[in-house]
Structures are given as structure tokens and as C-alpha cells.
Amino acid sequence: GGNNFPVILYLHEGSLTSGDKTDSPYESIAMNFAKAGIGFFLINYRLGPKNKWPAMADDAASAFSWINKNAGQMHANLHKLFIVGHSPGAMIASIISTDEKYLKKSGCSLSQIAGCIAMGTMLNPSYDIDSIPKDTLDKIWKKFRYKETYESLFETPESYSDADPSRHITKNAPPFLILIAEEEQVNPPILEQADRFAAEMKNVGVKVQIAV
């Protein structure tokens with residue numbers, strides 16, 4: 001019960017191809033937040049390989065928009081709506097908190113997000129593909145089409161690049177907290193990506209913190 005409580009929209013892990021809001025231990029996580037007086041929305045989003053990007057981001061953005069539009073009726077605090085994601089969920093949370101086009105489709109804007117908490121990797125490391133000539137890249141992408149790889153979820157190299165949150169950082173982004181778990185600290189790309197992302201955020205004056 002109570003009025004004026006903060007709300008979290010939580011996006012699960014699973015490489016964009018698996019995972020479900022009913023998976024253990026999400027229920028107990030949700031209950032812990034509820035006991036602390038925080039609204040907690042666990043959602044499912046469309047998964048690959050059947051669905052291609054940006055279906056996942058569109059679903060998350062429309063869920064956030066629904067929460068935003070219904071916050072008053074729920075007696076939640078409209079100014080304390082947070083997006084939290086783990087692993088690919090963190091990547092979705094980060095892209096809809098940086099690239100406003102996803103929220104705009106649902107009639108919302110970045111200013112309505114109080115903060116984004118990204119746990120684990122939250123980036124497509126798409127900078128790796130910048131140096132590859134376009135015709136070579138297109139050939140590589142054609143090969144992905146017949147393999148169920150992570151990249152095959154993105155129909156073109158451009159959509160893969162566009163899904164990298166670090167390409168969309170502006171001063172309009174909400175504050176970010178990037179959490180890197182102990183097991184993930186042994187994975188240098190995760191730390192390196194997080195550091196680069198945080199540096200770019202600070203450059204445009206967005207509050208960002210990395211906690212390991």
C-alpha cells in the first residue's frame with residue numbers, strides 16, 4: 001500500500017533469445033522490493049531468433065510508457081520511475097534510456113525516466129565494426145542470417161550499430177548506475193565498455209556511477 005512510491009521496470013537476462021519473467025529468482029526479488037515500498041514491474045519482451053531487433057526495445061519502451069501513463073492511478077510517484085536491466089536486459093534498458101526514438105513511439109520521452117540501472121554488460125560492442133568496409137560487412141551479415149548467432153538478431157550491420165547505447169549519449173539521458181558483479185569483473189570487455197560509456201556520459205554532463 002501507500003502513496004507516492006517509486007517504481008522499477010525490470011528487464012530480464014537471456015541473450016535476447018531466452019528468459020522469462022516467471023524465472024526463479026525474479027519473484028523473490030520482486031517481493032523484496034515490494035516489501036521495501038517500491039513498485040516492481042517484471043515484463044516479458046519478444047525474443048529472438050523468431051523476433052528481430054528492435055522488437056525487444058519497442059516492447060520495453062511501451063511497457064515503460066504504460067507505467068508512466070498509469071502511475072497516477074497506482075498512486076506511484078511519477079518522478080521516480082526507474083528502468084533496471086540485467087545483461088541483455090541492461091542493454092535494452094540502456095538503449096531506451098539514451099535513444100529517445102523508442103519511447104517516442106509510445107508517446108514518452110527520456111525526461112520521464114528518473115534513472116537507469118544497468119547490471120552487467122549493456123553494450124553492443126559495435127565500434128569493432130566501424131573499420132570494416134561496407135561491402136565486406138554486408139557479406140559477413142549475410143552469413144549471420146543462416147546461423148543463430150547474437151548478431152543474426154540484427155538484420156543489418158546498421159541496426160546492430162544503432163542498438164549500441166554508447167552511440168546515442170546526449171545530455172538528455174537520465175542518471176545511470178552501472179553495476180558489475182564479481183563474476184563479471186573477470187570479463188575485461190564488460191569493464192572496458194562500462195568505463196568508456198561512463199566517460200562519454202560524463203563528457204555531456206550526465207550523472208553516472210560504476211559500482212563493482
Side-chain angles (χ1 to χ4, degrees), residues 4-13 29-30 32-34 36-43 45 54 56-72 74 76-126 162-182 184-185 190-212:
N4 213 27
F5 54 89
V7 172
I8 284 171
L9 167 63
Y10 187 87
L11 304 168
H12 66 72
E13 61 184 315
I29 292 170
N32 287 338
F33 277 99
I38 297 166
F40 196 85
F41 280 84
L42 266 167
I43 67 150
Y45 45 85
M56 304 80 178
D58 285 338
D59 289 352
S62 61
F64 181 84
S65 179
W66 186 92
I67 293 166
N68 181 68
K69 289 187 176 92
N70 291 278
M74 296 186 283
N77 187 329
L78 197 55
H79 305 292
K80 287 189 178 172
L81 306 181
F82 296 88
I83 301 178
V84 181
H86 181 217
S87 204
M91 178 250 193
I92 300 168
S94 299
I95 193 72
I96 67 172
S97 299
T98 50
D99 185 350
E100 198 163 47
K101 69 169 171 271
Y102 299 105
L103 285 177
K104 273 189 171 163
K105 289 181 198 173
S106 303
C108 269
S109 70
L110 293 177
S111 61
Q112 287 155 321
I113 304 172
C116 177
I117 301 169
M119 299 188 288
T121 183
M122 71 315 168
L123 302 180
N124 270 351
S126 73
D162 192 56
D164 182 343
S166 65
R167 292 179 183 263
H168 300 281
I169 294 169
T170 67
K171 64 182 190 328
N172 299 327
F176 262 73
L177 173 62
I178 300 163
L179 300 178
I180 299 175
E182 200 173 336
E184 290 166 330
Q185 287 173 42
I190 290 181
L191 280 169
E192 183 199 334
Q193 288 167 15
D195 284 340
R196 186 175 69 207
F197 187 79
E200 289 181 34
M201 282 251 160
K202 284 172 183 161
N203 278 345
V204 295
V206 174
K207 276 187 190 166
V208 61
Q209 186 184 345
I210 297 179
V212 291

Subject >> Distance-only side-chain donor-acceptor flag, R167 / S126, under 3.5 Å >> reply: yes
Original post:
If you take all heavy atoms of A60 and I43, which pair is closest and at what distance?
Top reply: CA-CD1, 4.0 Å
Original post:
Any sub-3.5 Å donor-acceptor pair from S87's side-chain atoms to E13's backbone N or O?
Top reply: no
Original post:
Looking at F33 versus Y10, is the centre-to-centre ring distance below 6.0 Å?
Top reply: no
**OP:** Step by step, work out the side chain to side chain contact (heavy atoms under 4.5 Å, CB included) result for F82 and V7.
**Re:** CA-CA 6 Å; F82 296 88; V7 172; over 6 Å; no
Original post:
Considering all heavy atoms of both residues, which atom of I178 and which atom of A194 are nearest to each other, and what is their separation?
Top reply: CG2-CB, 4.0 Å
Original post:
Taking atom CD of E200 and atom CD1 of I169, what is their separation to the nearest 0.5 Å?
Top reply: 4.5 Å
**OP:** May I ask you to test the D162-D99 pair for a side-chain heavy-atom distance under 4.5 Å?
**Re:** yes
Original post:
How close do A114 and H79 get, heavy atom to heavy atom, and via which atoms?
Top reply: CB-O, 3.5 Å
Original post:
Which heavy-atom pair separates S94 from A118 by the least distance, and what is that distance?
Top reply: OG-CB, 3.7 Å
**OP:** Please answer whether the main-chain N or O of A61 pairs with a side-chain N or O of S65 as donor and acceptor at a distance below 3.5 Å.
**Re:** no
Subject >> Passing candidate, side-chain contact (heavy atoms from CB on, under 4.5 Å) with F41, options I83, I67, L81, I8 >> reply: I67
**OP:** Looking only at non-hydrogen atoms, find the nearest pair between N68 and C108 and report the distance.
**Re:** ND2-SG, 3.5 Å
Original post:
Which value, rounded to the nearest 0.5 Å, describes the distance between L177 atom CG and C116 atom SG?
Top reply: 9.0 Å
Original post:
Taking C-beta and beyond as the side chain, do H12 and L42 meet within less than 4.5 Å on heavy atoms?
Top reply: no
**OP:** Report the distance from atom CD1 of I96 to atom NZ of K101, rounding to the nearest 0.5 Å.
**Re:** 12.5 Å
Original post:
Is there a side-chain contact between M119 and V84 (heavy atoms, below 4.5 Å)?
Top reply: yes
Subject >> Shortest non-hydrogen contact from P54 toward Y102 >> reply: CB-CE2, 3.7 Å
**OP:** Would you check if L103 and I113 make a side-chain contact, meaning some heavy-atom pair closer than 4.5 Å?
**Re:** yes
Subject >> Min side-chain heavy-atom separation T170-T98 under 4.5 Å >> reply: no
Subject >> 4.5 Å side-chain heavy-atom contact, K207 and F176 >> reply: no
Original post:
Do S109 and K104 touch side chain to side chain, with heavy atoms closer than 4.5 Å?
Top reply: no
**OP:** With the side chain counted from C-beta on, respond yes when P165 and F197 share a heavy-atom pair under 4.5 Å apart, and no when they do not.
**Re:** yes
**OP:** Determine, step by step, whether F64 and Q112 satisfy the side chain to side chain contact (heavy atoms under 4.5 Å, CB included) criterion, reporting the C-alpha distance in whole Å, the side-chain angles of both residues, the deciding distance to 0.1 Å, and the verdict.
**Re:** CA-CA 9 Å; F64 181 84; Q112 287 155 321; 4.2 Å; yes
Original post:
How many angstroms lie between atom CD of Q193 and atom CD1 of I180, to the nearest 0.5 angstrom?
Top reply: 9.0 Å
Original post:
Rounded to the nearest 0.5 Å, what separation is found between the CG atom of L110 and the CD atom of E100?
Top reply: 4.0 Å
